[in-house]
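Side-chain atoms are counted along with the backbone in the values below, which use heavy atoms only and exclude waters and symmetry mates. Lettering follows sequence order; numbering is per chain, from 1.
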Amino acid sequence: MIKAVTGTKDILPIEIPRWNYLEEIVKKIFSQFNYREIRTPIFELTQLFARGIGEATDIVSKEMYTFLDRSGDSLTLRPELTASVVRAFVEHSLDKKQGLNKLFYVGPMFRQERPQAGRFRQFHQFGAEALGSHDPLLDAEMIIMAYDIIAKLGLKKLVVKINSLGVPSAREEYKTVLRDYLNQHLDKLSEESKKRLELNILRIFDSKDERDKSVMKAAPLLIDYLDSESIDHFEKVKSALQNASVPFQVDATLVRGLDYYTHTTFEVVSGSVGSQSALCGGGRYNGLVKELGGPDLPGVGFAAGMERILLACENENSFKAEEEKTDVFIITIDKTLQGFSFQTALALRRSDLIVETDYLSRSVKAQMREANRLNSKFVLFVGGDEFVNGEVVLKNMSNSEQKNISKGNLEEIVKLIKVN
RNA sequence: GUGAUCAUAGCUCAGUUUGGUUAGAGCAUCUGGUUGUGGCCCAGAAGGUCAUGGGUUCAAGUCCCAUUGGUCACCCCA
């Protein structure tokens, strides 16, 4: 048997209503904030992600699905969408058409990581990017949208964490201070963190190792090294969140891995999904557009993991997505009338109803069971004495009332079904 | 990439410790409970090379080894 590739999953019909419900909420809230959907290709030139995300990041250095196409170009399945959206923004000169571009997306991403709870190799994200403004209110808007979507799904065990990484020059200065501090405590650090010291020093704050944690408790914090402009920006974000009634915690250790972040970073973390607890993450990236060959314009955005969100919803039993009910199931009593049933089903469907009929030549009892299984609101009996007399029988499945209708009178059938 | 753990019917799981007749249950499926009517109930049926390959043994679902796959965690990230 050929199985789905490691880390990929089939979303079966039974799960589709939950996905549709989530996507409806996502699209509704984004459009209320006037974000417009953008759809970019599933694959891009590899160098887009290498430059946009950062060569040294784990995503680029070991997690991308990269391949050569037949003409020898190196292509990569998108591991995230910020770089693609910025590429499209630059390529189509969207900044020339309006001052601020507010964009959102929904779709699959690909990273070759070891699967675990809430982590897959093909996974789905929704996210938003606002390109062209420095306004800290937009940083706040991102956090508010993410929070509103997740809260609308009924999730409770949430923590919104925010931090500021400031501008690159202040950050570099701080890194030197931090490196000095850590070098003094080198013997107390885990082996992992000694490597991080060279590769990505800020991430030592994220370590789950107890030794690292105790060292980091007394470490100097980036927030104390921010320039006054960055502090001002951060304060405005915080007060906007307060006014929006979004509960948040300032977490000075929230550093995030991707190269492009400046100023605000944030995460929404769930307490009900296991170890991979970040439902969404994002922040401001003021250098990225220029880095990708565009004008020197700022941006801010976030991305959320849909499998993780749905996992949290399932664990907290936070919402029920109902399958759409069948309006009428046409039951064929005499097998010779299957053609009539098929035609009637078609006519009713073209009158805007959800209709099913029998294709297995089953007994009336079996067809009734099937209608019941489909939650059909009505059944329509075709056959027997009534049919000989030119009638079909419409039965309401919730109160068992039956009514004979002239078999040619589709309008009457449609009318009776639609009032329910 | 590293580690732990698991693999028996479509699904959830007994049975493995102490190897021993035809491998079980619940749910789901199908058929029937009078000739044309669902949900509940009852009866019956179908469904498994016990992940795969090797080994030990008179005998392996059960013990040993390998492989494959799943799950969880680390790393990292949504």
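In this model, a side-chain donor or acceptor of A/Lys395 finds a partner on the base of B/U37 within 3.5 Å. Between the side chain of A/Gln402 and the base of B/U37, a donor-acceptor pair under 3.5 Å is found. Scanning atom types as modelled, no donor and acceptor separated by under 3.5 angstrom connect the side chain of A/Glu113 and the base of B/G1. Evaluation of atom-type donor-acceptor distances gives no pair under 3.5 Å for the side chain of A/Arg203 against the base of B/C77. Taking only distance into account, the side chain of A/Ser400 meets the base of B/G38 through a donor-acceptor pair shorter than 3.5 Å. Not a single donor-acceptor pair, N or O on each side, falls under 3.5 Å between the base of B/G70 and the side chain of A/Lys3.
Contacts of A/Glu191 with the nucleic acid, taken as non-hydrogen atoms under 4.0 Å apart, are absent. Among the atoms of the strands shown, base atoms are found under 4.0 Å from some heavy atom of A/Asp385. Residue contacts shown for A/Asn372 include a base, since a base heavy atom lies under 4.0 Å away. A/Phe329 comes within 4.0 angstrom of nothing in the nucleic acid, heavy atoms only. A/Gln276 comes within 4.0 angstrom of a base, heavy atoms only.
The NE2-C1' distance, from A/His124 to B/C77, rounds to 17 Å in whole Å.
The only option from A/Arg119, A/Arg121, A/Gln125 that meets the side chain to side chain contact (heavy atoms under 4.5 Å, CB included) definition with A/Phe123 turns out to be A/Gln125. Here the options are A/Glu314, A/Glu23, A/Lys320, the test is side chain to side chain contact (heavy atoms under 4.5 Å, CB included), and the partner is A/Arg18; only A/Glu314 passes.
Here, B/G20 and B/U62 have their P atoms 11 Å apart, quoted to the whole Å. Of the C1' atoms belonging to B/U34 and B/G15, the separation is 42 Å, rounded to the nearest Å. Nucleotides B/C13 and B/G3 are separated by 28 Å at their C1' atoms, to the nearest Å. Taking atom C1' in both B/U21 and B/C58, one finds a spacing of 15 Å when rounded to whole Å. With C1' as the reference atom, B/C11 and B/G48 are 14 Å apart, rounded to whole Å. Comparing the same atom, P, in B/C63 and in B/U18 gives a spacing of 9 Å after rounding to whole Å. Separation of the C1' atoms belonging to B/C40 and B/U49 is 39 Å when rounded to the nearest angstrom.
Between A/Glu44 and A/Arg78 there is no salt bridge, since no side-chain nitrogen of the basic residue lies less than 4.0 Å from a carboxylate oxygen of the acidic one. Under a 4.0 Å N-O distance rule, the pair A/Lys102/A/Glu141 qualifies as a salt bridge.
With both pairing distances under 3.5 Å, B/U35 is matched to nothing as a Watson-Crick or G-U wobble pair. The nucleotide B/U16 finds no pairing partner, because no Watson-Crick or G-U wobble arrangement with both distances shorter than 3.5 Å includes it. B/U52 and B/A66 make up a base pair, with Watson-Crick or G-U wobble contacts both under 3.5 Å. Remark: B/G44 base-pairs with B/C30; criterion is Watson-Crick or G-U wobble with both hydrogen-bond distances under 3.5 Å. Base pairing of B/U22 is not made with any nucleotide, judged by Watson-Crick or G-U wobble geometry with both donor-acceptor distances under 3.5 Å. Base pairing of B/G1: its partner is B/C74, meeting the Watson-Crick or G-U wobble criterion (both donor-acceptor distances under 3.5 Å).
Side-chain atoms of A/Arg369 lie closest to B/G32 of the nucleotides B/A73, B/G32, B/A78. For A/Arg119, counting side-chain heavy atoms from C-beta on, the closest listed nucleotide (B/G36, B/C72, B/C77) is B/C77. Minimum atom distance to the side chain of A/Arg196 is reached by B/C76, of the listed B/C76, B/A73, B/G36.
Taking the six-membered ring for Trp, A/Tyr260 and A/Tyr285 have ring centres closer than 6.0 Å. Taking the six-membered ring for Trp, A/Tyr105 and A/Phe126 have ring centres at least 6.0 Å apart. For A/Phe387 and A/Phe340, the ring centers sit closer than 6.0 Å to each other.
Judged by centroid separation below 5.5 Å and plane tilt below 30°, A/Phe381 does not stack onto the base of B/G36.
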